[in-house]
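Structure first, then comments.
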Amino acid sequence: MTAPTPASAATREAYPFALTELVEHGVDVVAIDADLSVSTMGYQFGEKHPGRWLSVGVAEQNMVGIAAGLAATGKTVFIASFAAFLPGRCFDQLRTSIAQPRGGLNVKCVGSHGGVTVGEDGMSAQAIEDLALATSLIPFDVIVPADFEEAKQALVAVGHTTRPAYVRTGRPKVQGIYSRGYRFEIGRADLLRAGTDVTIIACGIMAGVALKAAELLAADGVSARVLNMATIKPIDREAVVRAAIETGAVVTAEEHQTTGGLGTAVARVLAETVPAPIAFVGVDRYGTSGKWDELLDYFELNPARLAAAAREVIGRKR
Amino acid sequence: MLSAPTVSVSVDELREIAKRIRAHIVNMVARAQSGHPGGSLSAVELGVALFWNHLRCDPANPLSPDRDRFLLSKGHATPFYYAVLAERGFFDPGLLGGFRTLGSPLQGHPSMGAAPGIEMSGGSLGQGLSFAIGQAIAGRMDQRDYRCWVLIGDGELNEGQVWEAAMAVPHFNLGERIVALIDRNGIQNDGFADDIMKTHPAEMFRGFGWHVIECDGHDMAAVDQAMSEAEKPRERPRCIVAHTVKGKGVSFMENNPGFHGKAPSGEQLADALRQIEAGL
Ligand SMILES: Cc1ncc(C[n+]2csc(CCOP(=O)(O)OP(=O)(O)O)c2C)c(N)n1
């Protein structure tokens with residue numbers, strides 16, 4: 001297992017490194033895959049720690065049940081598949097076997113190939129519902145890391161809690177944002193760029209897109225703050241409130257439908273605290289095949305759309 | 001190796017215990033005016049023979065890491081399950097009176113850890129065998145020799161997840177650690193299994209690589225014997241297909257799909273208790 005260059009790596013590539021680090025920290029990890037380990041990268045952990053890795057075949061429901069049984073004996077269990085199938089194919093099992101027992105068993109779900117950037121496989125593989133499903137599971141933490149470094153740290157962080165969690169990773173190699181010095185914390189937003197006219201709150205691959213949008217806006221004299229909100233649940237309420245007070249308008253950006261994910265969570269905080277105009281950028285239709293970067297444009301998950309949304313929402317300020 | 005079962009009682013005594021369990025079942029469901037008597041009454045001999053003569057457990061130490069696990073996959077059979085746990089000493093039988101009422105640990109379907117002995121949450125069918133695999137693999141990793149006994153309904157066998165798990169048990173060589181118990185009462189929620197969805201439990205499990213033991217699920221000696229047989233070492237995992245009668249012990253509930261999930265009236269309760277006492 002050779003470390004990828006964090007400057008340009010897929011978030012999914014962080015998975016085996018995080019698991020290995022947890023084992024080195026003394027965490028009693030067991031990881032399970034369902035015939036997609038070459039994609040989730042779980043196989044690399046299996047090669048390193050064969051006694052701690054299981055392959056259960058194409059059987060996501062069984063995988064969740066096995067994870068529950070392992071967690072009930074005190075193991076820290078990671079399960080992985082495509083985000084389209086985990087949580088999609090086994091939601092009821094996640095609810096009754098993981099979320100409900102004893103306030104939530106110690107199982108971490110890693111949905112790889114999240115969002116539309118899975119690419120050529122087309123709409124059936126493009127998960128745009130996983131965050132809505134995962135955030136509805138009461139004890140779950142839900143995290144969408146922006147790059148390799150953040151993914152590694154987030155996976156290690158959830159491995160050190162005893163709560164269930166859902167962490168979404170992505171397929172394409174993306175430009176790194178963070179260096180080793182970064183310190184991820186569950187539930188804390190990271191300020192990527194200061195700004196005063198509007199705040200773009202993004203997660204996952206959209207964090208990098210938001211930075212580019214902020215540059216476009218700056219060229220027009222608009223000062224956009226960019227927040228990386230990797231943790232969707234529990235959301236960093238304070239950062240959202242500050243954005244509303246200090247910039248007066250918010251755009252959310254996610255590679256997910258605009259219902260049930262980041263946008264919904266941010267809107268709720270605003271509604272409960274400092275109402276401010278908000279615009280939602282996401283994917284509200286089923287898609288098509290294509291290369292991942294073509295798909296970002298096809299779905300308008302691009303800097304131009306974010307900049308337009310920012311201008312529009314600024315226009316709605318009182 | 002694990003120690004011998006903590007109690008071992010005669011078949012006659014087991015039959016007396018079974019009567020008490022049946023009385024609890026109808027009382028609990030009647031008091032709550034809701035619950036599942038049919039599939040509870042069909043499983044009584046399985047539960048009694050298991051908990052008194054085979055399951056290596058200590059009710060005073062219900063979380064001992066070495067305990068054998070009983071996993072109720074057919075989670076609606078809580079009247080039977082809670083009554084067995086109470087009679088076996090896991091908790092005060094007085095708790096049974098709160099079954100299905102506000103704030104009681106004894107919910108309509110089991111909530112893991114809510115009362116001593118409740119090993120797994122249930123209610124959504126098809127999940128118990130998978131859970132057992134996780135427990136069994138953890139046992140192997142931790143070098144503990146406990147066994148998991150999983151009670152599954154024959155209607156429940158319609159769920160695909162059961163077969164994902166049935167495939168995985170031999171694959172992971174868990175034969176010494178998992179026993180499946182099938183309550184073959186021939187009735188599910190909507191009616192007779194042969195009409196709703198025909199299954200062939202013995203052939204299906206054999207096809208998935210299991211060693212199948214069939215028995216009359218109400219002949220206490222036969223059930224006890226089948227469980228001893230299931231404990232013998234052999235390569236294949238063991239599945240006991242117990243041929244049972246839904247509603248067993250109460251004439252008007254026997255083989256009657258209407259009593260899958262319905263409570264008896266006050267009059268019916270008195271009649272049921274008389275029949276159970278007479279051991280019909
Ligand atoms: C996933 C799921 N679907 C549906 C139900 C509703 N349900 C409860 S019991 C039952 C029938 C079960 O039949 P069987 O397994 O034969 O149980 P038994 O006759 O032993 O009581 C159904 C469909 C459920 N509990 N879980």
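Below, chains carry the letters A, B, ... as their sequence lines are ordered, and counting in each starts from 1. Note that the coordinates shown come from a computational prediction; the quantities given were computed from them, not determined experimentally.
Minimum heavy-atom separation, A:A72 to B:Q135: CB-NE2, 3.4 Å. The two residues A:S55 and B:H171 have their closest heavy-atom pair at O-NE2, 4.5 Å.
B:I137 pairs in a side-chain contact (heavy atoms from CB on, under 4.5 Å) with only one of the listed residues (A:V30, A:I32, A:L70), which is A:L70.
Your options are A:Q61, A:E60, A:R95, A:R52, and the one with the most heavy-atom pairs under 4.5 Å with chain B is A:Q61. Contact count against chain B (heavy-atom pairs under 4.5 Å) is highest for A:A68 among A:A67, A:A68, A:G57. Comparing A:V58, A:T96, A:N62 by how many heavy-atom pairs each has under 4.5 Å with chain B, the most go to A:N62. Taking chain A as the reference chain and counting heavy-atom pairs below 4.5 Å, the highest number among B:R144, B:Q161, B:M167 is found for B:Q161. Contacts with chain A were tallied for B:A132, B:A136, B:A138, B:A168; B:A138 has the most, counting heavy-atom pairs under 4.5 Å.
With a 4.5 angstrom heavy-atom cutoff, B:R69 touches chain A only via side-chain atoms.
Judged as a salt bridge (charged side-chain N to carboxylate O under 4.0 Å, His left out), the pairs with a partner in residues 172-184 of chain B (not counting sequence neighbours) are, in order, B:K74-B:D183, B:D145-B:R177, B:D154-B:R184, B:E176-B:R238.
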**OP:** Report the C-alpha distance between B:Y146 and A:T73 in whole Å, list the side-chain angles of each, state the deciding distance to 0.1 Å, and finish with yes or no for side chain to side chain contact (heavy atoms under 4.5 Å, CB included).
**Re:** CA-CA 12 Å; B:Y146 56 78; A:T73 68; 3.8 Å; yes

**OP:** Decide yes or no on side chain to side chain contact (heavy atoms under 4.5 Å, CB included) for A:M63 and B:E164, but give the supporting numbers first.
**Re:** CA-CA 9 Å; A:M63 174 163 72; B:E164 295 182 356; over 6 Å; no

**OP:** Report the C-alpha distance between B:D142 and A:K75 in whole Å, list the side-chain angles of each, state the deciding distance to 0.1 Å, and finish with yes or no for side chain to side chain contact (heavy atoms under 4.5 Å, CB included).
**Re:** CA-CA 10 Å; B:D142 298 344; A:K75 308 281 179 202; 2.5 Å; yes

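Near-neighbour residues of residues 119-130 of chain B relative to chain A, defined by a heavy atom under 4.5 Å from a heavy atom of that chain, comprise B:S121, B:S124, B:Q127, B:S130.
Within a 6.0 Å radius of CZ in B:R234, other residues, nucleotides and ligands contribute more than 12 heavy atoms.
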